[in-house]
Number of protein chains: 2
Amino acid sequence: MPKTRDTPQRRAIAAVLERAEGPLSVHDILQRAQREVPRLGIATVYRVLAELRRARAVVSVEVAGHPVCYEATRRAHHHHFHCRRCRTLYDVGGCVAELASLLPRGFQLEDHEIVLRGLCARCAPLSPAAPSGG
Amino acid sequence: MPKTRDTPQRRAIAAVLERAEGPLSVHDILQRAQREVPRLGIATVYRVLAELRRARAVVSVEVAGHPVCYEATRRAHHHHFHCRRCRTLYDVGGCVAELASLLPRGFQLEDHEIVLRGLCARCAPLSPAAPSGG
DNA sequence: GTTGCTGCAAAAAGTTTGCAGGACG
DNA sequence: CGTCCTGCAAACTTTTTGCAGCAAC
């Protein structure tokens, strides 16, 4: 484990992830962190994210039809809801218990991820059709 | 909905997906389908996949740390297990019931996806460490 | 002062698109 | 025989890497 230096770039990126109200794309992270460090480059964002992920401080969230997103681990265990109409990715709290029972004999469950899909409270009252090609 | 023609390429790709024992990457699909249609190009694979997805005949499976994979819809409802050691993506049958209870008021649940992570039966008896960076 | 970190730009990987010719119906 | 589909190659998007200079410690 090499020592990591404390730099403005790293602090800005970490702060953005702490403040985030939900998963952020790499582009989001870059733009928000650039408010603090204007010359921040995309390569640094990727490098810091890879490091934070290695340190288990962030996890990536990959949902079909969405750019890869990142989220700080310190936030309580939760899952995601993807609205098929407005495409927003929501955090949802809580979890389900009997996941381990799905596994065949011999498999060890260490972690899991649940993505729910449908219409969010804002979109459900409107037409049930997607806005564009899907 | 425009009419779709019956071509060897499309038949080969569909057959590969039908035969698959689990999710396949675009590269996997290309290689397997080329056994039947050697001159098949990657662009055709992408085009056919996009079409099949539009027709709800296949779904994409996106798991962090894995290339995007595709899977025929006709297979019974199931979820996935990703072994952190050998990186294999397994299908697991069954499902859990109380997912809808996770949602805030007003959200409509239409679909869901569960990814379990850990060690598969083959890797669990071995060291609990990952083979390489991860 | 040493060494790791950063920004830039180029490279690599993954996906989409334009086009001319061929195959399906 | 018209039209859609295909393969090829180029364009695009996303992510990684090389390098010289700067900053952290």
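Numbered from 1 within each chain, the chains take letters A, B, ... in sequence-line order.
Here the P atom of nucleotide D:dT14 and the CD atom of A:Gln31 are 12 Å apart, to the nearest Å. Rounded to whole angstrom, the span from the CD atom of A:Gln34 across to the P atom of C:dG7 amounts to 9 Å. Protein atom NE2 of B:His27 is 12 Å distant from nucleotide atom C1' of C:dA13, rounded to whole Å. Put simply, CD1 on B:Ile29 is 14 Å from P on C:dG14, counting in whole angstrom units.
Remark: A:Thr44 is in phosphate contact with C:dG7, judged by side-chain N or O atoms under 4.0 Å from OP1 or OP2. Contact between the side-chain N/O atoms of B:Tyr46 and the OP1/OP2 oxygens of C:dT15 is found at a separation under 4.0 Å. Distances shown here put a side-chain N or O of A:Gln9 below 4.0 Å from the OP1 or OP2 atom of C:dG7.
Within the 4.0 angstrom heavy-atom criterion, no nucleotide atom of any strand lies near B:Pro67. Within the nucleic acid shown, B:Leu40 comes within 4.0 Å of sugar-phosphate atoms alone, with no base atom in reach, counting heavy atoms only. Counting any heavy atom pair closer than 4.0 Å across all strands shown, B:Arg10 reaches sugar-phosphate atoms only and no base atom.
Residue order along DNA chain D, read from the 5' end via each residue's closest nucleotide, puts B:Thr7 first among B:Thr7 and B:Ile42.
B:His82 and B:His66 have perpendicular rings, their planes meeting at more than 60° on a 0 to 90° scale where under 30° would count as parallel. Relative orientation of the B:His112 and B:His79 rings is tilted, given thresholds of 30° and 60° on the angle between their planes.
In the interface, the side chain of B:Arg5 is paired with the base of D:dC4 through a donor and an acceptor atom under 3.5 Å apart. No hydrogens or angles were tested; on distance alone, a donor-acceptor pair under 3.5 Å links the side chain of B:Arg47 to the base of D:dG7.
Between D:dT15, D:dG7, C:dT17, one nucleotide has an atom nearer to the side chain of B:Ala43 than all others, and that is C:dT17.
Summarising the local packing, CZ of B:Arg11 is surrounded by more than 12 heavy atoms from other residues, nucleotides or ligands at distances under 6.0 Å.
B:Arg5 and B:Glu51 are not joined by a salt bridge, as no carboxylate oxygen comes within less than 4.0 angstrom of a charged side-chain nitrogen.
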